[in-house]
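Atoms within a ligand are numbered from 1 in the order they appear, just like the ligands themselves.
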Amino acid sequence: MEKGNQIYEGKAKKVYATQDPELLIVSYKDDATAFNGQKRGAIEGKGSINNRLSNALMRYLENNGIPTHFVEELNDRDTLVKRVRIVPLEVVTRNIAAGSFAKNYGIAEGLVFSEPTIEFSYKNDALGDPLLNEYHILALHLASREEIDEIKRLAFRINELLKAFWLTCGVTLVDFKLEFGRLSDGTVILADEISPDTCRLWDSATGKKLDKDRFRWDLGGVEDAYKEIMSRVSQKLEVGR
Ligand code: UDP
């Protein structure tokens with residue numbers, strides 16, 4: 001499958017059409033942004049790591065009954081995916097307080113929840129991705145009641161599967177952001193990516209942050225953290241080279 005016209009460029013990925021109207025090629029960049037695009041930079045090797053890592057995790061989820069957009073890894077940076085219409089929601093599932101949750105509710109990072117939480121934001125950079133409750137989602141016609149229920153069911157199931165997987169890598173899954181899309185028949189499937197850009201991952205033994213927080217907060221060792229995550233995953237799952 002060859003790249004056709006570029007149809008979209010986001011902060012971390014480009015998207016190309018293909019000869020097949022139902023398939024797209026996603027190309028991962030090394031560019032990194034944080035705080036709604038206010039902080040910009042690059043993380044050397046990130047595009048390749050996130051591409052291969054996200055694909056390995058999507059294959060793992062598919063093998064466990066989760067429908068995803070993943071079709072085929074084409075090379076280091078490029079992956080063939082199913083074309084979806086993205087549901088304009090950022091779906092964040094949390095196991096431990098961190099980031100905006102700790103800040104908004106005035107608690108220390110690290111509080112372990114007895115039950116995972118889920119929250120939705122409106123995927124809209126101009127508005128700064130504001131939080132939404134389910135009534136807001138319905139009022140704005142962003143998703144139907146059935147779609148919201150399906151997205152919650154999938155997100156909690158994905159959380160259980162990913163938490164268990166990361167544990168085998170000595171990594172604690174703190175929180176993560178998912179995006180879902182609709183196939184042409186309306187089926188909701190997992191899209192976008194799962195990577196250290198979109199998850200908080202802490203070393204289970206030391207608590208060391210192994211994710212994009214190292215970039216957000218200038219903690220140093222950003223590239224090494226992404227490499228460390230990649231190396232731990234590749235000992236457990238088949239990862240493309
Ligand atoms: N996240 C993301 N994209 C965003 C916002 C958040 O991938 O635009 C991820 C982030 O990496 C973290 C989780 O979602 O794993 C929860 O992020 P949070 O709401 O705490 O926001 P942040 O602290 O990143 O502003």
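The side-chain heavy atoms of M58 and D192, taken from C-beta on, include no pair separated by under 4.5 Å.
The ligand atoms of ligand 1 that sit less than 4.0 angstrom from a heavy atom of C199 are 15 (O). Which parts of ligand 1 touch G99 is read off a 4.0 Å heavy-atom cut-off, strictly below it: atoms 20 (O), 23 (O). Close approach of ligand 1 to D175 is summarised as follows: ligand atoms under 4.0 Å from at least one heavy atom of the residue are 12 (C), 13 (C), 15 (O), 16 (C). For ligand 1 and V92, the ligand atoms under 4.0 Å from any heavy atom of the residue are 14 (O), 16 (C). Ligand 1 places these atoms under 4.0 Å from at least one heavy atom of D197: 7 (O), 11 (O).
Partner H69 forms a side chain to side chain contact (heavy atoms under 4.5 Å, CB included) with one of L183, I189, L24 and no other, that one being I189.
Protein heavy atoms come within 4.0 Å of atom 10 (C) of ligand 1.
Of the protein's heavy atoms, K177 CB, 3.7 Å lies nearest to atom 1 (N) of ligand 1. Scanning the protein for heavy atoms near atom 17 (O) of ligand 1, the closest one is R200 NH1, 3.5 Å. Shortest contact from atom 21 (O) of ligand 1 to any protein heavy atom: S100 OG, 3.7 Å. What sits closest to atom 5 (C) of ligand 1 on the protein, heavy atoms only, is E90 OE1, 3.8 Å.
One finds a salt bridge joining E179 and K123 here, because a Lys/Arg side-chain nitrogen approaches an Asp/Glu carboxylate oxygen to under 4.0 Å. A salt bridge does not link E160 to R157: none of the charged nitrogens lies less than 4.0 Å from a carboxylate oxygen.
Residue contact check for ligand 1: K103 places no non-hydrogen atom closer than 4.0 Å to it.
T68 and E62 share a donor-acceptor pair across their side chains, judged by distance under 3.5 Å alone. Y28 and D76 share no donor-acceptor pair across their side chains, judged by distance under 3.5 Å alone.
Using the six-membered ring where Trp is involved, W217 and F35 have ring planes that are perpendicular, over 60° apart on the 30 and 60° scheme.
Without hydrogens or angle criteria, D175 side chain to T93 main chain gives no donor-acceptor distance under 3.5 Å.
Residue K212 does not touch ligand 1, judged by heavy-atom distances below 4.0 Å.
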